[in-house]
Structure formats: structure tokens, C-alpha cells
Amino acid sequence: MTARRRYWLMKSEPDTFSIDDLARVGTEPWTGVRNYQARNFMRNSMQVGDGVLFYHSNCSPPGIVGTATVACTAYPDPTQFDRASHYFDPKATQEEPRWHMVDVTFERRFKRTVTLDEIKREADALGEDFALIRRGNRLSILPVTAAQWQHLLSLE
DNA sequence: GCCAACGTTGGC
DNA sequence: GCCAACGTTGGC
């Protein structure tokens, strides 16, 4: 039996890692998540083949720029053990890692950015509880329903 | 570069 | 276990 495909939105700052970077490398470990809720989505819920909306944040304009897929189930993020890394976590141990991540594989770059501004205008269709457009929400990884996925793709 | 929102930390 | 201080996110 094939697992049911789930959908996610993952934010990345294009200055750090953009959709074009992902297109170039093909598959990338999603290092550096240091938020428990975001980690839990990766560790507890992501499955191989899940759909990912790739979102550019902290740029102009912010928005969805393409799609990717989850390439593997979660495993410990090695940067937590690396003293030299910006993401080093002194409280993490090999025996008890704190931070897990998945690898993400490039699927497609949108012909254009579906901007946050446009997405906000679709609040009625997407639902007010959609975390991306909920006021003050800063989650870098959030779940997307099949209906939201379809609707967001239709905006391209 | 500003700053609102919010998560985390640590003193008590 | 409260909560102030602090750090980070991310839109603008």
C-alpha cells in the first residue's frame, strides 16, 4: 500500500538557499530548523513523496516559487553536532539528537512567483486558519491540505 | 534597516 | 512555574 501523499510549505531565504540552488543540486538536506513545531512536522509526519511548496521569505516579493518532494524520512541534522556550524546546539548529543530533518528534491520551478500578497487575497478559498497568512505566524514549515495545494498551484 | 510578533531562556 | 529579557523571523 502506498502512503497517502501529504503536502507542506517550506520557507527559505533566497539569499541563503533559493529554488534555483535546489534546481542545481537536485536534492538538499533541510538543515538548520531550530523550531520544535517545524521539526515535529519533519520528524513525525513527513513521508517520502510528500509534496512541498517552496517559498521564498525575507525577500521582495515573498511567495511560492516552485515545488519539491520529500526525498527521505527524517534523520538527525548533523549541523547540531558541528561546533563550527552556525546551527551548533551544545545540548544535542549523538545519543539524543534534538533536531531532525528531511532531504528535499527539486520538482519544478514556477513560471512566476505566486506572491504572498496574492495568497492573502485568496484567504476565503484557503481558509482563515491557513498558517501562512495567519497574523504573526513565523513557522518555517507548515502543513498544506490537498485542497489548498490545488488552489495554490492554480494561481501560478 | 525597522519593528511587531512570538518562541525560548533563565532568574527567582 | 511565572514572567521579563532576549533573540529570531520575516514583512514592509
Side-chain angles (χ1 to χ4, degrees), chain A residues 6-25 28-46 50-70 74-145 148-149 151-156:
Chain A
R6 296 192 200 194
Y7 303 96
W8 309 94
L9 182 144
M10 298 174 83
K11 298 180 185 175
S12 185
E13 301 193 11
D15 286 352
T16 306
F17 190 78
S18 71
I19 187 77
D20 291 326
D21 293 326
L22 185 62
R24 193 172 336 107
V25 299
E28 177 77 2
W30 207 261
T31 56
V33 169
R34 295 294 180 268
N35 170 280
Y36 288 107
Q37 217 180 332
R39 178 206 66 182
N40 290 346
F41 286 135
M42 288 198 285
R43 192 187 63 181
N44 305 343
S45 304
M46 282 193 185
D50 282 2
V52 174
L53 295 167
F54 197 104
Y55 180 93
H56 279 176
S57 65
N58 207 5
C59 61
S60 186
I64 300 167
V65 292
T67 61
T69 55
V70 173
Y75 61 101
D77 178 344
T79 64
Q80 69 193 299
F81 309 124
D82 178 3
R83 285 192 170 279
S85 170
H86 174 67
Y87 299 118
F88 176 68
D89 183 344
K91 292 179 182 162
T93 64
Q94 296 279 351
E95 295 72 32
E96 280 188 76
R98 279 186 154 193
W99 307 109
H100 294 72
M101 62 175 190
V102 299
D103 293 353
V104 167
T105 298
F106 177 78
E107 193 167 75
R108 187 168 74 84
R109 196 198 202 296
F110 283 1
K111 291 186 282 293
R112 60 176 208 92
T113 301
V114 174
T115 65
L116 178 60
D117 203 47
E118 294 171 74
I119 295 167
K120 282 179 177 167
R121 281 188 247 125
E122 300 296 320
D124 285 349
L126 293 166
E128 299 293 339
D129 62 334
F130 185 41
L132 186 68
I133 52 179
R134 231 174 19 219
R135 189 168 150 274
N137 198 290
R138 301 175 305 157
L139 254 190
S140 65
I141 298 176
L142 46 110
V144 174
T145 67
Q148 288 164 343
W149 171 273
H151 190 75
L152 290 165
L153 289 187
S154 79
L155 300 177
E156 184 186 354

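Source: prediction; values computed, not measured. Naming convention: chains lettered A, B, ... in sequence-line order (proteins, then strands); numbering from 1 in each chain. Computed from heavy atoms alone, side chains included, the values below leave out hydrogens, waters and symmetry copies.
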Taking the six-membered ring for Trp, are the ring centroids of A/Y36 and A/W99 within less than 6.0 Å of each other?
yes

How would you list, by chain and number, every residue that makes a salt bridge (charged side-chain N to carboxylate O under 4.0 Å, His left out) with A/D129, sequence neighbours excluded?
none

Holding to side-chain hydrogen bond (donor to acceptor under 3.5 Å, both in side chains), I want the full list of residues that pass it with A/E28, two or more places apart in sequence or in another chain.
none

Restricting to side-chain hydrogen bond (donor to acceptor under 3.5 Å, both in side chains), what partner residues turn up for A/Q37, sequence neighbours left out?
none

Option from A/T67, A/L155, A/I19, A/V65 for which side chain to side chain contact (heavy atoms under 4.5 Å, CB included) with A/F110 holds:
A/T67

Take the C1' atoms of the five end pairs on each side of the helix from B/dG1-C/dC12 to B/dC12-C/dG1, derive the two axes, and give their angle rounded to 10 degrees.
10°

Do A/D77 and A/T79 have side-chain N/O donor and acceptor atoms under 3.5 Å apart?
yes

N-O pairing of A/K120 and A/D117 below 4.0 Å:
no

Would you kindly compare A/L116 and A/H86 by the position of their nearest DNA chain C nucleotide and give the one closer to the 5′ end?
A/H86

On DNA chain C, reading 5' to 3', which nucleotide is the first and which the last to sit with an atom under 4.0 Å from a heavy atom of chain A, could you check?
C/dG7 to C/dC12

For A/R34 and A/N58, take the nucleotide of DNA chain B holding the closest heavy atom to each; which residue's nucleotide lies nearer the 5' end?
A/N58

Results of side-chain contact (heavy atoms from CB on, under 4.5 Å) for A/V52 - residues two or more places apart only
A/M10, A/A68, A/V70

